[in-house]
Amino acid sequence: MVVRFFPFSAVIRAILSNRTMHWMEMEKDELEKQYSPSRWSHRMAADDVIKAHVKALKEGTERARSLAQTLIDVPYGEGDGEKLDVYIPRTNSLDVNLVIYIHGGYWQFLSKEESGFMAVPLIDKDVVVVAVGYDIAPKGNMDLMVSQVRRSVASVIQQYSHIRGLYLCGHSAGAHLAAMVLSTDWSQYSVTPDIRGAFLVSGIYDLLPILSTYVNEPLKMTEEVAVRNSPSKLVPQLKLSSSGCQIVVAVAQNDSPEFRKQSEEYYKTLEAAGLNVTMEDVANTDHFNIIEQLVDGDYHLTKLLLKMMGKS
């Protein structure tokens, strides 16, 4: 019998390689790579995928504006950035569903101006789409952005009280903000929204891992701010506020391991709390085209949203 002895450090490396490394064990370079979605696309180079993403969202939004009746820059607060764009079907019926879309961009890019694209397949189904504007960093900090999206939902409820059903959709940072909406203590507001469904697409639900990355440079979050704005820490409040909501946690096949882990762990936490939640691992997508394809009525997530509304 041959006995082989391995250096202790080699044993540790072997153990670590056989399990998913926790973000606290990662070197800064690796952590930043994990939280750089553009570096994980299989379709094109990092810079190119971001340019293509912005182009796709703009073209989709322009198309939506040509198809729908629109109300642009509807205020929901007093701030310059506190405005909504509303995409209205050409119908006389007041009995319509309404989807509020919260854009991504790592809380520091994009705007409502590129955020009407998902209205394209929904207009013909008599669904109103509202794109929310909020003050991205550095003008806005995390507490302000969360407050703004919550107030935007309250404003929509007040202005469109006759709607049949209210739904949320958010992508990336927008999925984080949508999850924070679901975790709102509405006693501070003049309404209690009945949110029937929420699509959280490739989101971040624990902000602590990004504190020491480039993402936090314009946000300037402290650990205290990150904790109070992490949906993963607020599931008890979500259960109180949104227990009747059907939640879809969606993640791209080619999202980074950390992004996938964020979605999987948040899904498991919601499921363990007894909430109505499903997980969608969307094949042949990356962090960007998983949301871009909502412009297509035949796309898996579009059909899932329509089915949720009873419009399949």
Worksheet item: Going by distance alone, is a donor N or O of one side chain under 3.5 Å from an acceptor N or O of the other, for Ser190 and Gln158?
Response: yes

Fill in: Over 12 foreign heavy atoms within 6.0 Å of CZ, Arg151
yes

Worksheet item: Would you say the side-chain atoms of Gln148 and Asp135 include a donor-acceptor pair closer than 3.5 Å?
Response: yes

Discussion item. Quiz question: by atom type and distance under 3.5 Å, do the side chains of His287 and Ser172 form a donor-acceptor pair?
Written reply: yes

Worksheet item: Counting only heavy atoms not in Glu223, do more than 12 fall under 6.0 Å of its CD?
Response: no

Worksheet item: Going by atom types only, do Gln159 and Ser155 share a side-chain donor-acceptor pair under 3.5 Å?
Response: yes

Discussion item. Checking Arg65 against Thr70: is there a side-chain donor and acceptor pair closer than 3.5 Å?
Written reply: no

Practice prompt. Please tell me if the side chains of His176 and Pro231 come closer than 4.5 Å, counting only heavy atoms from C-beta onward.
Written response: yes

Worksheet item: Is there a side-chain contact between Trp40 and Pro257 (heavy atoms, below 4.5 Å)?
Response: yes

Distance-only donor-acceptor pairs under 3.5 Å for side chains of residues 47-55, two or more places apart:
from	atom 1	to	atom 2	distance (Å)
His53	ND1	Glu292	OE2	2.7
Lys55	NZ	Glu59	OE2	2.8

Worksheet item: Just one of Ile102, Leu294, Ile100 clears the side-chain contact (heavy atoms from CB on, under 4.5 Å) bar with Cys169, so which one?
Response: Leu294

Practice prompt. Not counting sequence neighbours, which residues clear side chain to side chain donor-acceptor pair (under 3.5 Å) with Thr285? List them please.
Written response: none

Fill in: Sub-4.5 Å side-chain heavy-atom contact between Val99 and Val130
no

Practice prompt. Report yes if the distance between the aromatic ring centroids of Tyr134 and His103 is under 6.0 Å, otherwise no.
Written response: yes

Item to complete: Report yes or no: do Glu280 and His300 form a side-chain donor-acceptor pair below 3.5 Å?
Response: yes

Worksheet entry | Thr278 and Val249, any side-chain heavy atoms less than 4.5 Å apart | no

Exercise answer: donor-acceptor pairs, residues 71-81 side-chain atoms, under 3.5 Å, sequence neighbours excluded:
from	atom 1	to	atom 2	distance (Å)
Asp73	OD1	Lys112	NZ	2.5
Tyr76	OH	Gly133	O	2.6

Worksheet item: According to the interplanar angle, ranging from 0 to 90°, do the rings of Phe259 and Tyr35 count as parallel (below 30°), tilted (30 to 60°) or perpendicular (above 60°)?
Response: tilted

Worksheet item: Are Gln262 and Tyr266 close enough that a side-chain donor and a side-chain acceptor fall under 3.5 Å?
Response: no

Discussion item. Side chains of Asp126 and Asn97: any donor to acceptor distance under 3.5 Å?
Written reply: no

Item to complete: Would you kindly say whether Asp255 and Ser202 are connected by a side-chain donor-acceptor distance under 3.5 Å?
Response: yes

Worksheet item: Closest approach of Ile290 and Val251, non-hydrogen atoms and distance?
Response: CD1-C, 3.5 Å

